[in-house]
Undergrad: 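First, the structure itself, so that you have it in front of you.
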Amino acid sequence: MTTVLQTNPTTEAAIIAAQNDAFRKSIMFFNDTEDTPKGQFVMTSGVSAMGPDARLSATRQVAAFEAFTPDNDPHGWHEFGAVEVFGTTIWFKVDLYDVNYEMGADAPTDPEQTRRVLTLLLPSEY
């Protein structure tokens, strides 16, 4: 059984941000190691309908995204962002689930008990 360290909110946010960054970068193999957090990468039908060039561009931009600020990342988790693809804004969102993808993560800093879902979506699909 994995032990979850009790941390303060600032430390917890930094841990979650680092894990979200590692997972996000792994979608383009920028950071694909054994200790990369587990999860799924999905996109909505609106993003999918933009075609293969747009999907690849969006995926590359999301994997390389570093423009987190207090305005777009108030909790410090690196869980949300926006990129521009061929003049269209595409959002990305990282959600944290239990290992069965049924409920929110009880221990979001523990990669053994948490699974990520990174979704690409159009703002109109939110």
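Along the sequence shown, residues are numbered consecutively beginning with 1.
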Undergrad: Are any non-hydrogen side-chain atoms of Thr119 and Phe41 less than 4.5 angstrom apart?
TA: no
Undergrad: Supply the atom-to-atom distance Gln40 CD to Leu118 CG, rounded to the nearest 0.5 angstrom.
TA: 11.0 Å
Undergrad: Evaluate side-chain hydrogen bond (donor to acceptor under 3.5 Å, both in side chains) for Asp21 paired with His78, printing each intermediate quantity in order.
TA: CA-CA 7 Å; Asp21 288 345; His78 294 189; 2.8 Å; yes
Undergrad: Distance-only, no hydrogens or angles: does the Thr114 side chain make a donor-acceptor pair with backbone N or O of Asp110 under 3.5 Å?
TA: yes
Undergrad: With a 4.5 Å limit on heavy-atom distance, are the side chains of Asp73 and Thr69 in contact?
TA: no
Undergrad: Yes or no on side chain to side chain contact (heavy atoms under 4.5 Å, CB included) for Leu56 and Asp53, after CA distance, side-chain angles and deciding distance?
TA: CA-CA 5 Å; Leu56 180 58; Asp53 291 341; 5.9 Å; no
Undergrad: What verdict does the side chain to side chain contact (heavy atoms under 4.5 Å, CB included) test give for Leu120 and Val42, after you've listed the backbone C-alpha separation in whole Å, the side-chain angles of each residue and the deciding distance to 0.1 Å?
TA: CA-CA 6 Å; Leu120 300 186; Val42 299; over 6 Å; no
Undergrad: Kindly compute the distance separating CZ (Phe80) from CG (Asn72), expressed to the nearest 0.5 Å.
TA: 8.0 Å
Undergrad: Are Phe86 and Phe92 co-members of a hydrophobic cluster defined by side-chain heavy atoms under 4.5 Å apart?
TA: yes
Undergrad: Side chain to side chain contact (heavy atoms under 4.5 Å, CB included) between Asp98 and Arg115: does it pass, once the steps are laid out?
TA: CA-CA 6 Å; Asp98 66 12; Arg115 298 294 178 265; over 6 Å; no
Undergrad: So Arg24 and Val62, side chain to side chain contact (heavy atoms under 4.5 Å, CB included) or not? Walk me through it.
TA: CA-CA 7 Å; Arg24 186 173 37 75; Val62 168; 3.7 Å; yes
Undergrad: What are the two closest non-hydrogen atoms of Ala22 and Pro37, and how far apart are they?
TA: CB-CD, 3.9 Å
Undergrad: Using a 4.5 Å cut-off on heavy atoms from C-beta on, say whether the side chain of Lys38 contacts that of Pro111.
TA: no
Undergrad: Are any of the side-chain heavy atoms of Trp91 and Val83 separated by less than 4.5 Å?
TA: no
Undergrad: Applying a strict under-4.5 Å side-chain criterion to I, L, V, M, F, W and Y, I'd like to know whether Val94 and Ile27 cluster together.
TA: yes
Undergrad: Is there a donor in the side chain of Ser57 and an acceptor in the side chain of Gln61, or the other way round, less than 3.5 Å apart?
TA: yes
Undergrad: Write down the atom of Ala63, the atom of Lys25, and the distance for their closest heavy-atom approach.
TA: O-CG, 3.3 Å
Undergrad: Using 30° and 60° as the class boundaries, would you call the ring planes of Tyr97 and Tyr101 parallel, tilted or perpendicular?
TA: tilted
Undergrad: Would you mind checking if Glu79 and Arg116 are paired as a salt bridge, meaning a charged N to carboxylate O distance below 4.0 Å?
TA: no
Undergrad: For the residue pair Thr89 and Ala82, what are the closest heavy atoms and their distance?
TA: CG2-CB, 4.1 Å
Undergrad: How far apart are the closest heavy atoms of Leu96 and Pro108, and which atoms are they?
TA: CD1-CB, 3.7 Å
Undergrad: Treating Ile, Leu, Val, Met, Phe, Trp and Tyr as nodes and any side-chain heavy-atom pair under 4.5 angstrom as an edge, say whether Met43 and Phe65 lie in one connected cluster.
TA: yes
Undergrad: Are the side chains of Leu122 and Ile90 in contact, using a 4.5 Å heavy-atom criterion?
TA: yes
Undergrad: Of the non-hydrogen atoms in Arg55 and Val47, which two are nearest, and what is the gap between them?
TA: CG-O, 3.7 Å
Undergrad: Answer with yes or no whether the hydrophobic clustering places Val117 together with Trp77; edges join I, L, V, M, F, W, Y residues whose side-chain heavy atoms lie under 4.5 Å apart.
TA: no
Undergrad: Side chains of Ile16 and Thr109, heavy atoms from C-beta outward: is any pair under 4.5 Å?
TA: yes
Undergrad: What I'd like to find out is whether the side chain of Pro9 reaches to under 4.5 Å of the side chain of His75, using heavy atoms alone.
TA: no
Undergrad: Strictly below 4.0 Å, N to O, side chains only: are Lys93 and Asp95 in salt-bridge contact?
TA: yes
